[in-house]
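Read the structure below first, then the notes.
Numbering of ligands and ligand atoms starts at 1, following listing order. Note that this is a predicted model, so its numbers are computed, not measured.
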Amino acid sequence: MISKVYRIMSEFKAPADLSGGLFFRNGKRVNIDGEKTFPVVEQRIGAEVRRCANASPALVDEVVKEARTAQKEWGNKTPLERGKILRKAAEIIRANHEDLARWEVRTNGKPLVEARIDIDYSADTLEYYGGIAAAVLKGDYLEIPGGGTSRFAYTRREPLGVIGCIGAWNYPLLTCVWKVGPALAAGNAVVYKPSPFAPASPVLLGEILTAAGLADGLYSVVQGEAETGEALCTNAGVNKLSFTGSVNTGLAVQKAAAENTLKPCTLELGGKSEIIIFDDADLNNAVNCAMMANFFNQGQVCTNATRVFVQRGILEKFTQELLKACDEKLKVGDPLNEETRVGANINEFHMNKILGFIESAKQEGGQVLRGGVQVHPEGVENGYYIDPAIVTGLGDDAKVVREEIFGACLVILPFDTEEEAVTRGNNTTFGLAAGVVTSDLARAHRIAAQLEAGSVFINTYNDCEVNVDFGGFKNSGHGRENCIDALKAHTQTKAIYVNLDASATSY
Ligand code: NAD
């Protein structure tokens with residue numbers, strides 16, 4: 001029999017609209033009716049484009065059962081066979097690159113130039129896990145004392161079963177792929193609940209995986225708000241939770257994971273990162289790093305370093321150059337335009353929350369050096385656009401310095417000594433990322449070792465590669481994505497003791 005994976009033509013075609021449905025079940029996109037619905041909003045135009053039902057706990061349970069049934073055969077396939085399907089899916093993503101990037105803009109409001117990068121990374125992720133699965137997912141032969149050749153142990157690396165995944169809205173496709181790639185490669189089935197603010201891309205991924213040959217039921221998408229998420233977390237048929245979102249929801253997810261069964265959790269949570277710029281830094285690079293740490297995706301990036309510590313010797317020059325670069329480069333506009341670098345925020349509520357942070361900065365005595373106001377770009381006047389803000393004149397106790405903003409608001413914080421910068425940088429309950437910009441490499445590595453964060457950037461910021469560990473220290477979460485450990489975290493090892501010599505046992 002020819003495996004379906006060898007029969008693939010590019011069957012996937014990105015849809016023109018979402019009328020085919022926002023749920024993905026048994027290998028197909030479907031519409032589901034429900035009494036409780038939520039609005040699906042297109043951020044760039046600031047309009048509701050349709051409504052979507054919330055999956056009830058009963059529906060979640062049905063989908064989990066379908067996943068459990070489908071997983072049995074998938075889990076028995078070899079990692080090489082599973083990997084082929086993921087690599088085929090990566091190929092389909094590349095073949096539909098531009099259409100998918102445009103969908104990502106419609107789903108999230110980010111500029112097209114950034115969405116294209118997300119699509120590349122999504123393909124890379126599936127290729128990576130599809131490629132390493134056969135090399136990583138293997139057991140060991142273990143010698144035991146006195147065993148000789150007749151008594152020994154070996155391990156098998158087995159899938160966990162069904163992985164319940166819950167995503168945030170800032171990287172709708174990439175967040176999904178980061179979870180789905182290792183989960184499927186390891187032989188599990190996935191039930192994914194996207195954020196209701198960006199529900200489309202994970203459904204398109206379902207169609208891509210089906211086109212790549214994935215059997216029905218192995219990947220499903222249930223839509224909904226908190227109640228649907230809770231139902232997934234407490235469902236006894238789910239064996240592990242993989243969550244991306246805020247710290248508060250992460251706490252709820254971890255509690256729910258222990259409500260009736262004991263589920264391991266990978267938690268990718270919020271951040272309040274710092275970048276420390278020394279007065280020996282290359283000025284141009286320092287400005288670029290501060291911008292990379294703050295303005296991608298309208299500032300809605302979990303690793304963003306809104307706390308920009310600048311050594312006093314370089315403060316004035318850095319501030320001038322930063323303002324100049326922002327004015328030159330941060331073009332706010334319709335995210336579908338090629339030249340736009342700042343698109344729309346995720347929704348009106350979130351936009352107002354960011355504006356509220358900027359207002360709090362003014363009330364606490366800060367000065368807003370640029371931006372920080374809603375703007376109405378031509379042609380997309382009703383979208384949720386903010387001109388990125390730069391704030392100064394605040395101490396470490398200010399609200400914008402303590403709390404995660406998740407928007408484009410960079411705060412400049414002067415410092416004098418290395419020790420002071422590290423202490424103030426670490427003075428947060430978050431620990432997702434941090435950066436240091438200096439020409440003194442000994443100092444850079446010394447500081448990198450002291451910063452309490454899962455990712456540290458030296459003379460760069462917000463780099464992210466699929467083969468490099470990603471995850472948080474402290475309240476920014478636990479578990480890692482994007483690396484070999486993430487694949488292993490979707491498996492469990494079974495130890496098997498063997499005796500080939502019956503005469504050797506005694507009691
Ligand atoms: P959120 O916590 O509000 O929601 C995340 C997801 O959880 C959504 O799908 C939501 O519907 C669901 N949810 C809400 N209540 C739930 C509950 N009680 N049980 C189960 N699920 C529930 O976060 P958000 O606003 O979507 O995303 C922004 C946050 O995510 C920020 O804090 C950001 O830093 C963080 N984030 C972290 C990473 C990372 O990798 N560390 C990446 C992206 C975003």
message: Quick test: of every protein heavy atom, which one is nearest to atom 28 (C) of ligand 1, and how far off is it to 0.1 Å?
response: Phe406 CE2, 3.6 Å
- prompt: So is Gly245 polar-close to ligand 1, meaning N/O to N/O under 3.5 Å?
  reply: yes
task: May I have the step-by-step check of ring pair (Phe, Tyr, Trp, His ring centres under 6.0 Å) for Phe470 and Trp178, ending in yes or no?
output: CA-CA 10 Å; Phe470 180 86; Trp178 278 14; 5.2 Å; yes
field: Trp169-ligand 1 polar pair, N/O distance under 3.5 Å
entry: yes
- request: Give a yes/no verdict on whether any heavy atom in Phe197 is under 4.0 Å from an atom of ligand 1.
  value: no
message: What protein heavy atom lies closest to atom 36 (N) of ligand 1? Include the residue and the distance to one decimal.
response: Cys302 CB, 3.6 Å
field: Part of Tyr171 within contact of ligand 1 (heavy atoms, under 4.0 Å)
entry: neither
query: What is the nearest protein non-hydrogen atom to atom 22 (C) of ligand 1, stated with its residue, atom name and distance?
result: Thr249 CG2, 3.4 Å
- prompt: What is the distance from atom CG of Leu487 to atom CD of Glu481, rounded to the nearest 0.5 Å?
  reply: 12.5 Å
query: Can you tell which part of Thr228 has a heavy atom less than 4.0 Å from ligand 1: side chain, backbone, both or neither?
result: neither
message: If I compare all heavy atoms of Ala200 with all of Thr107, which pair ends up nearest, and what's the gap?
response: CB-OG1, 3.6 Å
- prompt: If you take all heavy atoms of Leu241 and Ala257, which pair is closest and at what distance?
  reply: CD1-CB, 3.6 Å
message: Testing the 3.5 Å rule here: is there a donor-acceptor pair between the side chains of Thr306 and Asn304?
response: no
task: Flag Thr244 as yes when one of its N or O atoms lies below 3.5 Å from any N or O atom of ligand 1, and as no otherwise.
output: no
task: Give the single entry among Glu230, Lys255, His350 that approaches atom 19 (N) of ligand 1 most closely by any heavy atom.
output: Glu230
- prompt: To the nearest 0.1 Å, how far is atom 23 (O) of ligand 1 from its closest protein heavy atom, and which atom is that?
  reply: Ser246 N, 3.4 Å
query: Going by atom types only, do Thr125 and Ser122 share a side-chain donor-acceptor pair under 3.5 Å?
result: no
Pair Glu114 + Arg341, salt bridge at N-O below 4.0 Å: no
Which of the ligand 1 atoms, numbered from 1, are nearer than 4.0 Å to a heavy atom of Ala168: 26 (O), 27 (O), 44 (C)
task: Give yes or no for whether the N/O distance cutoff of 3.5 Å, strictly under, is met between Glu481 and ligand 1.
output: no
Test item: side-chain donor near acceptor, Arg402 and Asn427, under 3.5 Å: no
task: Compute the shortest N/O to N/O distance between Glu225 and ligand 1 and return yes if it is under 3.5 Å, no if not.
output: no
query: Any idea which of Glu404, Lys193, Glu268, Glu227 brings a heavy atom closest to atom 31 (C) of ligand 1?
result: Glu404
query: Would one find an N or O of Ser476, backbone or side chain, under 3.5 Å from an N or O of ligand 1?
result: no
message: As an exercise, identify every atom of ligand 1 less than 4.0 angstrom from a heavy atom of Leu432.
response: 41 (N)
task: Could you tell me whether ligand 1 has any atom less than 4.0 Å away from a heavy atom of Ala256?
output: no
- request: Run the contact test for Pro196 against ligand 1 with a 4.0 Å cut-off on heavy atoms, strictly below, and give the result.
  value: yes
field: Test of proximity, Gly167 against ligand 1: N or O pairs below 3.5 Å
entry: yes
Close N or O approach (Ala252, ligand 1; < 3.5 Å): no
- prompt: Can you tell me how far the CD atom of Gln254 sits from the SG atom of Cys233, to the nearest 0.5 Å?
  reply: 10.5 Å
statement: Checking heavy atoms under 4.0 Å, the part of Thr175 that sits near ligand 1 is neither
- line: Of all protein heavy atoms, the one nearest atom 41 (N) of ligand 1 is Leu269 O, 2.7 Å
message: Starting from atom 20 (C) of ligand 1, what is the nearest protein heavy atom, named by residue and atom, and what distance separates them?
response: Gly229 C, 3.4 Å
query: Can you name the one residue among Val456, Asn294, Ile275 that meets side-chain contact (heavy atoms from CB on, under 4.5 Å) with Tyr461?
result: Ile275
message: Salt bridge or not between Glu452 and Lys474? Use side-chain N to carboxylate O under 4.0 Å.
response: yes
query: Phe470 near ligand 1, heavy-atom distance under 4.0 Å?
result: yes
task: Mind telling me whether His350 and Phe406 have parallel, tilted or perpendicular rings, with 30° and 60° as the class edges?
output: perpendicular
message: Closer than 3.5 angstrom, by distance alone: can the side chain of Glu259 be matched with the main-chain N or O of Thr234 as a donor-acceptor pair?
response: no
N/O donor-acceptor pair under 3.5 Å between Glu403 side chain and Val400 backbone: no
task: Write out the residue and atom name of the closest protein heavy atom to atom 12 (C) of ligand 1, then the distance separating them to 0.1 Å.
output: Ile166 CG2, 3.8 Å
- request: Evaluate the side-chain proximity of Val301 to Asn462: yes if any heavy-atom separation is below 4.5 Å, no if none is.
  value: yes
- request: Measure the CG-CG distance between Leu86 and Leu184 for me, rounded to the nearest 0.5 Å.
  value: 6.0 Å
- prompt: How far is atom 7 (O) of ligand 1 from its nearest protein heavy atom, and which residue and atom name does that atom have?
  reply: Phe243 CE1, 3.2 Å
query: By number and element, which atoms of ligand 1 are closer than 4.0 Å to a non-hydrogen atom of Pro194?
result: 9 (O)
